[in-house]
Amino acid sequence: MKRILLSLLALTIPFITFAQETTEKGLDQKIDEGFKPVSDFFSAVIFFEVFDGAPFVIILLVLSALFFTLYFGFPNFRYFGKAINVVRGKYDDVEGHGIEGHPEVNIVEGDIRDTIRDESKEGEVSHFQALATAVSGTVGNGNIAGVALAIALGGPGATFWMIICGLLGMSTKFVECTLGVQYRDVGEDGTVYGGPMYYLSKGLKERGFKVLGKIAAIIFAVFCIGGSFGGGNAAQSNQATVVLKELLDLQSTGAGFWIGIVLAILVGIIIIGGIKRIASVTEKVVPFMAILYLLACLYIIFGNFSLVDDAIGLIISEAFNPTAIGVGSIIGVLLVGFKRAAFSNEAGAGSASIAHSAVRTKYSASEGLVALLEPFIDTVVICTMTALVIIIFNFGGAFEYGGDGSGAVFIDGVSYEGAGITSMAFAKYIPYSNVFLTIAVVLFAVSTMISWSYYGLQSWKFLFGRGKLADLTYKLLFLTFVIIGAAASMSSIWAFSDAMIFAMVFPNMIGLFFLFPVVKRQLARYFEAIKASKS
C-alpha cells in the first residue's frame, strides 16, 4: 500500500519539473495542451450517448429522480414544510440529543480526532449545521459561472430545465442522504464516517450482494476523488482565475499558473496545516458573501422589475422552442440545463451524503428531509436569480445566445465565459460590482475546495487507510489540481469536472436502487415517532 501511495505522490513531480523548465511565455497554454487529452478522454467515456445526442448518465439522473419523486409521493413538495421544521429544531425532542441508542450506527476504530469538528466545531452536528456544511460544498461557482455557461450555450430556456432538475433532484438527495445516515460508522472518539462508500458496502451486503457492494464502493471512492480534483477543485480555481485576471487586467500568458500557486498556498494552509482559525473565518465570511450576492441579484431584478415577466416568458418559450445557435432542439437545451443543474446541486452524485451523515439524530430519514432543501436553495433559488440577472442584462443585445459553441460569448467584441459573463451583467447595474463579484467568486471557490477536499479525503481514506502518508499524498495531489485548474482553459477544465462529478452517479445509483425500500421504512419510522410524541 505504501508503494502505491509513493507512486501516486510521484505523479506531482513531472508537473513541478514541467513548471520549472517552462518559460512564462505560453505557460498556461502548455498546461492546457497537456491536460486537454485527459479531459477529452474522461468526457468521452462518461458522457457516452445513447440517442439523439443524449448522454446515458443524464437520462439515468432524470429518470431516477422522476422515479424517486413518484415512488415517495412527491416528497419535494409534500415534505417541504416538515423539512423546514426539522431544521428549525421542532422535532429535536423526538430525535434525542445524540447517536447513543441508535441500533444501526456502527462503532469503528477512531480516526484523526476532530475530522468532522473542522466543519462543525463538534463531533456531532445539528440538522442546520449539516445542511450548512453540505450547502457550502454546492453553493459556489456552479451558481455563478455554471449558470452563465448554461445560458451562453443553451439560451434562456436552459434555466427552465435547470429548475426542473433542481425540483426532481430534491427527491434524489432525500434518498441518498437518508442512506448516508442509516449506514454511517462512528468512531469511539465521535468521528463520523459516512457516504455512498458505506451504504454501498454495508447496505448491499445486507441484501446479499457483498461483492457487488464492495466493488461499487471502491469505484465510487475513486470517482469521488476525481470529483474532488475536478468539480470541487479545478473548476473552482479556474473561475476564480477568470475574474481575478479580468479585475487586475492580467495579460500574461502565465498569469493563471501564478494565481493557481497563490490559491494552492491559501488552500494548503487550511487543509495541510490544519489552521482552524482560517477555516472558521471562511465559514463566517462565505455565508455573508452569499447573502450579499443574493441581495445584489435582488437589487438588479427589482430595479428592472418591468423586465422580469419578459425574462420569465423567454425562459419558458425558449425551453420548448430554443433559438440559441448550436443548441439544436428541445433535447439539446434540456441537456444543457440538466447538466449544469446537476453539476451545481450534485443530486445523484452522492457527495453531500458524506457531510449529512455527521448529523445528530436517531432517525436517518430526518436528515433526508433536511437534505431535500439543498437543491431547492442551490438551484431553484440561487441559480434562477443569477439566470434572471444575465437574461435581463442581455435584453439590450449584449451578446448572442450560443456564442462560440464552447461556452464563450462576445460582448463589445471581447470574449467572455463563465463568471466573466455574470461579472459583465453585474457591472451594468452596480458600480464597482466587479470587485465585489471577484471577492465572492474567490471566497466561494475556496470554501468549495475546502469542503470537497474533505469529501475526497474521506474517499481516499476508504481506499488507502488513515495513515499520515495517505493524507499527505492526497493533499499534495489536490493542491496540484488547484494550479492545473487555474492555468487550463475553461472548456478543458469543465469537461473534466463534469465527467468526474457525473461518473459518481453510476455507482451511487446502484446503492439507491437496491436500498430505496430501506428509506421508505425509515421515513415511516420517523413519522410514527413524531406522531407518538404528539399523543
Side-chain angles (χ1 to χ4, degrees), residues 1 4-5 8 42 45-46 57 60-61 64 104-111 115-116 134 137 172-173 175-187 191-232 346-358 364 367-368 371 452-467 470-471 473-474 477 499-519 522:
M1 186 65 69
I4 294 174
L5 291 172
L8 289 168
F42 282 108
V45 171
I46 301 302
V57 66
L60 176 63
L61 267 179
S64 298
E104 285 131 340
V105 167
N106 296 272
I107 305 300
V108 298
E109 184 180 350
D111 188 5
T115 300
I116 296 294
T172 307
K173 190 82 78 167
V175 176
E176 61 191 11
C177 290
T178 298
L179 293 173
V181 177
Q182 182 68 20
Y183 291 100
R184 65 186 176 180
D185 282 340
V186 180
T191 302
V192 178
Y193 308 95
M197 304 87 72
Y198 295 91
Y199 61 70
L200 282 166
S201 58
K202 295 191 294 185
L204 267 64
K205 181 180 178 181
E206 284 182 359
R207 311 287 273 185
F209 299 96
K210 179 179 179 180
V211 175
L212 175 62
K214 191 67 175 177
I215 293 173
I218 291 172
I219 293 173
F220 176 86
V222 170
F223 287 150
C224 187
I225 292 167
S228 74
F229 291 158
E346 298 160 21
S351 54
S353 66
I354 300 174
H356 282 285
S357 64
S364 55
E367 189 60 18
W452 266 93
S453 72
Y454 171 71
Y455 296 165
L457 184 58
Q458 289 296 90
S459 298
W460 190 271
K461 288 178 178 181
F462 182 82
L463 294 176
F464 299 109
R466 298 162 187 167
D471 277 20
T473 302
Y474 171 78
L477 288 170
M500 291 296 97
I501 295 293
F502 282 92
M504 296 162 61
V505 171
F506 293 110
N508 186 48
M509 282 299 170
I510 293 174
L512 301 192
F513 277 107
F514 269 97
L515 301 172
F516 70 84
V518 175
V519 176
Q522 292 303 316

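Computed from a predicted model, the values in this text were never measured in an experiment. Nothing fancy with the numbering, it's 1 onward along the sequence.
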Participant: Evaluate the criterion side chain to side chain contact (heavy atoms under 4.5 Å, CB included) for residue pair Trp460 and Leu477; output intermediate values, then yes/no.
Facilitator: CA-CA 11 Å; Trp460 190 271; Leu477 288 170; 3.8 Å; yes
Participant: Heavy-atom distance under 4.5 Å between the side chains of Leu61 and Phe502, does that happen here?
Facilitator: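 The answer is yes, as the side chains (C-beta and beyond) meet within the 4.5 Å cut-off.
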Participant: Verify side chain to side chain contact (heavy atoms under 4.5 Å, CB included) between Lys461 and Asp471, making sure each step is shown before the conclusion.
Facilitator: CA-CA 8 Å; Lys461 288 178 178 181; Asp471 277 20; 3.5 Å; yes
Participant: Would you check if the side chain of Arg207 reaches a backbone N or O of Phe514 as a donor-acceptor pair within less than 3.5 Å?
Facilitator: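 Flag set: sc Arg207 to bb Phe514 pair under 3.5 Å.
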Participant: Determine, stepwise, if the pair Thr178 / Gln522 fulfils side-chain hydrogen bond (donor to acceptor under 3.5 Å, both in side chains).
Facilitator: CA-CA 8 Å; Thr178 298; Gln522 292 303 316; over 6 Å; no
Participant: Show the atom names and distances, to 0.1 Å, of all donor-acceptor pairs under 3.5 Å that link a side chain in residues 218-231 to residues at least two apart or in another chain.
Facilitator:
{"from": "Ser228", "atom 1": "OG", "to": "Ile225", "atom 2": "O", "distance (Å)": "2.6"}
{"from": "Ser228", "atom 1": "OG", "to": "Tyr474", "atom 2": "OH", "distance (Å)": "2.9"}

Participant: For the atom pair OG (Ser459) and OH (Tyr454), what is the distance rounded to the nearest 0.5 Å?
Facilitator: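 That separation rounds to 10.0 Å.
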Participant: Walk me through whether Glu176 and Leu512 qualify under side chain to side chain contact (heavy atoms under 4.5 Å, CB included).
Facilitator: CA-CA 7 Å; Glu176 61 191 11; Leu512 301 192; 3.7 Å; yes
Participant: Heavy atoms, side chains only, cut-off 4.5 Å: are Leu204 and Ile510 in contact?
Facilitator: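 Yes. Closest side-chain heavy atoms under 4.5 Å.
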Participant: Minimum heavy-atom separation for Gln182 to Ser364, with atom names?
Facilitator: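 Minimum heavy-atom separation between Gln182 and Ser364: OE1-OG, 2.7 Å.
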Participant: With sequence neighbours excluded, what pairs up with Ser64 under the side chain to side chain contact (heavy atoms under 4.5 Å, CB included) test?
Facilitator: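 For Ser64, the residues satisfying side chain to side chain contact (heavy atoms under 4.5 Å, CB included) (neighbours in sequence not counted) are Leu60, Phe68, Met509, Phe513.
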Participant: State the CH2-CD1 distance between Trp452 and Ile501, to the nearest 0.5 angstrom.
Facilitator: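 Trp452 atom CH2 to Ile501 atom CD1 measures 3.5 Å (nearest 0.5 Å).
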Participant: Among all residues two or more places apart in sequence or in another chain, which pass the side chain to side chain contact (heavy atoms under 4.5 Å, CB included) test with Ala499?
Facilitator: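 Partners of Ala499 by the side chain to side chain contact (heavy atoms under 4.5 Å, CB included) criterion, ordered by chain and then number, come out as Phe42, Ile46, Phe47.
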Participant: Roughly how far, to the nearest 0.5 Å, is OG of Ser357 from CG of Leu179?
Facilitator: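 Those atoms lie 11.5 Å apart.
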Participant: Which heavy-atom pair separates Pro507 from Ala503 by the least distance, and what is that distance?
Facilitator: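 Minimum heavy-atom separation between Pro507 and Ala503: CD-O, 3.2 Å.
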Participant: What's the spacing between Arg184 CZ and His356 NE2 if we round to 0.5 Å?
Facilitator: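 The distance works out to 12.5 Å.
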Participant: For residues 215-226, which residue pairs pass the side chain to side chain donor-acceptor pair (under 3.5 Å) check, not counting sequence neighbours?
Facilitator: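 Qualifying pairs, neighbours excluded: none.
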Participant: Working to the nearest 0.5 Å, report the span between CD1 of Ile354 and OH of Tyr198.
Facilitator: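 Separation between the atoms: 9.0 Å.
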Participant: Using the test ring-ring contact (aromatic ring centres under 6.0 Å, His included), find all partners of Phe516 that sit at least two apart in sequence or belong to another chain.
Facilitator: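 In terms of ring-ring contact (aromatic ring centres under 6.0 Å, His included), with neighbours along the sequence ignored, Phe516 is linked to Phe67, Tyr71.
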Participant: Decide yes or no for Val519 and Leu515: does some side-chain heavy atom of the first lie under 4.5 Å from some side-chain heavy atom of the second?
Facilitator: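 They are not in side-chain contact.
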Participant: Might you point out which heavy atoms bring Lys173 and Ala352 nearest each other, and give the distance in Å?
Facilitator: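 Taking every non-hydrogen atom into account, NZ-CB, 3.6 Å.
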Participant: From Met197 CE over to Ser353 OG, what is the distance, rounded to the nearest 0.5 angstrom?
Facilitator: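 If I round to the nearest 0.5 Å, the distance is 8.0 Å.
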Participant: Going by the side chain to side chain donor-acceptor pair (under 3.5 Å) test, which pairs reach into residues 213-222, not counting sequence neighbours?
Facilitator: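 Checked against side chain to side chain donor-acceptor pair (under 3.5 Å) - neighbours excluded - no pair reaches residues 213-222.
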